[in-house]
Amino acid sequence: MVTPDALLVDEGPPVTAEARRVDRALPGWLAVVLVVVSSAAVLVLEITSLRLIAPYVGITVETNTGVIGLALAAIALGSWAGGAAADRRPPRAMIGLLLVVGGALVLVVTPAVRLAAAAVGPSDAPSVALLLAGVTVFAPAAVLSAVSPMVVKLQLASLDDTGSVVGRLSSIGTLGAILATFLTGFVLVAVVPTSVILLATGALLVVGGAALVALARRDGIRTSTGTSAALAVALVAAVGCVAAPSPCDVETTYHCASVRPDPARPGGQVLVLDTLRHSYVDPADPTYLEFGYAKTFAAALDTLPDTARDVLHVGGGGMTLPRYLLDQRPDITNTVVEIDPGVVDVDRTRLALPDDPRLRVDVGDGRVAVAQLADDSVDAYVGDAFGGVAVPWHLTTRETFADVARVLRPGGLVVLNVIDFGPLDFARSELATVASVFAHTALAVVPGSLEGAGGNLVIIASDRPLDREALTRALVRQASPMTLVEDADVAALVAAAPMVLRDDHAPVDQLLTTTRTRTR
């Protein structure tokens, strides 16, 4: 017989006070802060990761792709895992611990990358870039990305407001990430070292997470016993972050910069930017040129007529060639466009850059600078700008050199430094690109370069015939290791080029073949 009691629904065990505390929604302001801070920290980590690994692998499209791709993979994994965990365990018991662990991992990044880089050595191989990017960004980004879905879970009062809660917190988290991106990229990296940014970010996360753990325990919520261990790791990591030696003297806006004395030559100084020896400078003797390509540049500029008055240098580095021209051609005014103000500061404070009215230094992008020049306003264009071993792609295209041709006076000279190895796909493409604009093109190389050895190659071009005999004499006079390639061979290289580089298709990093060489 069915009794009335049998019709009653079994509601299960009564809800305990602890369960109610664990499932209670966070205050609205706290939910916003947690989503913003965790999302912002991931983007701070992503941006600083590029700077942290640049001294060891350089900055290329592959490096950027590796960091961004691994960061996105970590965000996806962390979001999925955080949401799954929130359905199985009380989020209020886990959020504080996640922040502590995430902060500890951020603090570990600096010493971990430097140890990993010391183990594998400098390399431009994509596999090494991926390794260091993974060490830098993956684990902390995954842990921190688990916070947002847990906060969302807590704030869902009913299924009726799921869309508005998820959409609101997702947009707030995205706004926090955007704010962190602009703040880090435009402000922080220009005023403080990367290690300090990571130290502050990790410390903020650890302190905030520890506070949440303490509040949860005060409310009687049982939290993980791993919190104390995570705090201990964070403390050790903070010490390591501070104590880990930096590979550079100065962190500039774009580079890790160092000045190293030449033990073989008193007064000789080498400017190292990230992984490359960019410039050799002897402030007491500006005519001393150490690198072969610099001697070739000087030889080409030595052939400028006596009427030449203005030389534009795109890419400053140690400003070796402007110093040379100040000494050898006092009638010439040099304008240098260098995108990194920190490099200019190093030149002035560490490399005794002359304060001379004939030397003007503009901080900015080379292509923008050319676009702002008047027609027929310079006698020579010297292209020596690099991001890692690659010329920035927007300085390599046909449109770039069409604008260079516009600002050059009749008979003006173009001198370009490029680096390539192996099949020389990039070097041949750049040569073909220049030849598509200028009627006369020459190439200077170290013997064996065209047979696969590669290295520095110097392209020389003009709208008027080049005096090969004068160039050859100047190369001998400068003791350059480079020689001019025969015109027929230059034509063959142009004909075999994979492409003419254009603004809508200039895959410089993909065309470039790199090796372990570290001299630009």
Side-chain angles (χ1 to χ4, degrees), residues 278-281 283 286-289 291 293-339 343-344 347 351 353-386 391 395 400-418 434 437-438 440-442 444 456 458-464 466-467 470-471 474-475 477-478 480:
H278 264 247
S279 303
Y280 188 104
V281 174
T287 65
Y288 180 79
L289 305 172
F291 295 162
Y293 84 88
K295 295 177 180 179
T296 302
F297 270 31
L301 295 173
D302 284 345
T303 66
L304 286 173
D306 293 339
T307 56
R309 291 292 179 267
D310 300 281
V311 174
L312 175 66
H313 306 258
V314 171
M319 304 195 193
T320 305
L321 265 297
R323 297 171 194 257
Y324 172 83
L325 289 175
L326 287 177
D327 185 84
Q328 294 295 297
R329 295 292 297 267
D331 52 333
I332 284 180
T333 296
N334 296 268
T335 299
V336 180
V337 181
E338 168 59 52
I339 198 170
V343 170
V344 177
D347 286 330
L351 294 174
L353 184 68
D355 183 9
D356 192 306
R358 297 170 297 147
L359 175 59
R360 173 183 171 183
V361 180
D362 293 333
V363 174
D365 180 84
R367 179 148 176 191
V368 174
V370 171
Q372 294 172 341
L373 292 176
D375 295 358
D376 302 332
S377 56
V378 300
D379 297 289
Y381 171 91
V382 180
D384 195 24
F386 282 81
V391 181
L395 298 178
T400 299
F401 294 110
D403 212 22
V404 170
R406 176 186 63 80
V407 304
L408 281 175
R409 294 180 180 126
L413 201 63
V414 173
V415 188
L416 304 174
N417 182 22
V418 299
V434 174
V437 175
F438 294 93
H440 304 278
T441 307
N456 292 87
V458 175
I459 298 172
I460 306 167
S462 178
D463 62 350
R464 294 184 180 177
L466 296 167
D467 189 338
L471 282 169
L475 288 169
R477 187 167 57 251
Q478 291 290 349
S480 171

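Since we're looking at a predicted model, the values are computed, not measured.
Between the side chain of D379 and the backbone N or O of D310, at least one donor-acceptor pair lies under 3.5 Å. Between the side chain of E338 and the main chain of V314, no donor-acceptor pair closer than 3.5 Å is present. At distances below 3.5 Å, not a single donor-acceptor pair connects side-chain atoms of R358 with backbone N or O atoms of L325. When atom types are taken as modelled, the side chain of S462 and the backbone of L413 share no donor-acceptor pair closer than 3.5 angstrom. Between the side chain of D463 and the backbone N or O of G411, at least one donor-acceptor pair lies under 3.5 Å. Checking side-chain atoms of R409 against main-chain N and O of S377 turns up a donor-acceptor pair under 3.5 Å. No donor-acceptor distance shorter than 3.5 angstrom exists from the side chain of S480 to the backbone of L475, with no hydrogens or angles considered.
Within 6.0 Å of CG on D355 lie no more than 12 heavy atoms contributed by other residues, nucleotides or ligands. Within 6.0 Å of atom CG in D375, more than 12 heavy atoms from other residues, nucleotides or ligands are found, so the atom counts as buried in its surroundings.
How far NZ of K295 is from OH of Y324: 11.5 Å, rounded to the nearest 0.5 Å. A distance of 9.5 Å separates CD1 in I459 from CG in N417, rounded to the nearest 0.5 Å.
At least one side-chain heavy atom of V407 sits less than 4.5 Å from a side-chain heavy atom of V370. Residues Y381 and L416 are in side-chain contact: their nearest non-hydrogen atoms beyond the backbone lie under 4.5 Å apart. Between L304 and I332, the closest side-chain pair of non-hydrogen atoms falls below 4.5 Å. Looking at F297 and T320, their side chains never come closer than 4.5 Å, going by heavy atoms from C-beta outward. For the pair F438/L408, a side-chain contact is recorded, criterion being any heavy-atom separation below 4.5 Å from C-beta on. A heavy-atom distance below 4.5 Å is found between the side chains of V344 and V363. Taking the side chain as every heavy atom from C-beta outward, V382 and L312 never approach each other to under 4.5 Å. L353 is listed as a side-chain neighbour of R323, based on a closest heavy-atom distance under 4.5 Å.
Checked against ring-ring contact (aromatic ring centres under 6.0 Å, His included), Y288 has the following partners two or more places apart in sequence or in another chain: Y280. Not counting sequence neighbours, the partners of R360 by the salt bridge (Lys or Arg N to Asp or Glu O under 4.0 Å) test are D362.
A side-chain N or O of N334 and one of H313 form a donor-acceptor pair less than 3.5 Å apart.
A salt bridge is defined here as a Lys NZ or Arg NE, NH1 or NH2 lying under 4.0 Å from an Asp or Glu carboxylate O, and R309 with D331 meets this definition.
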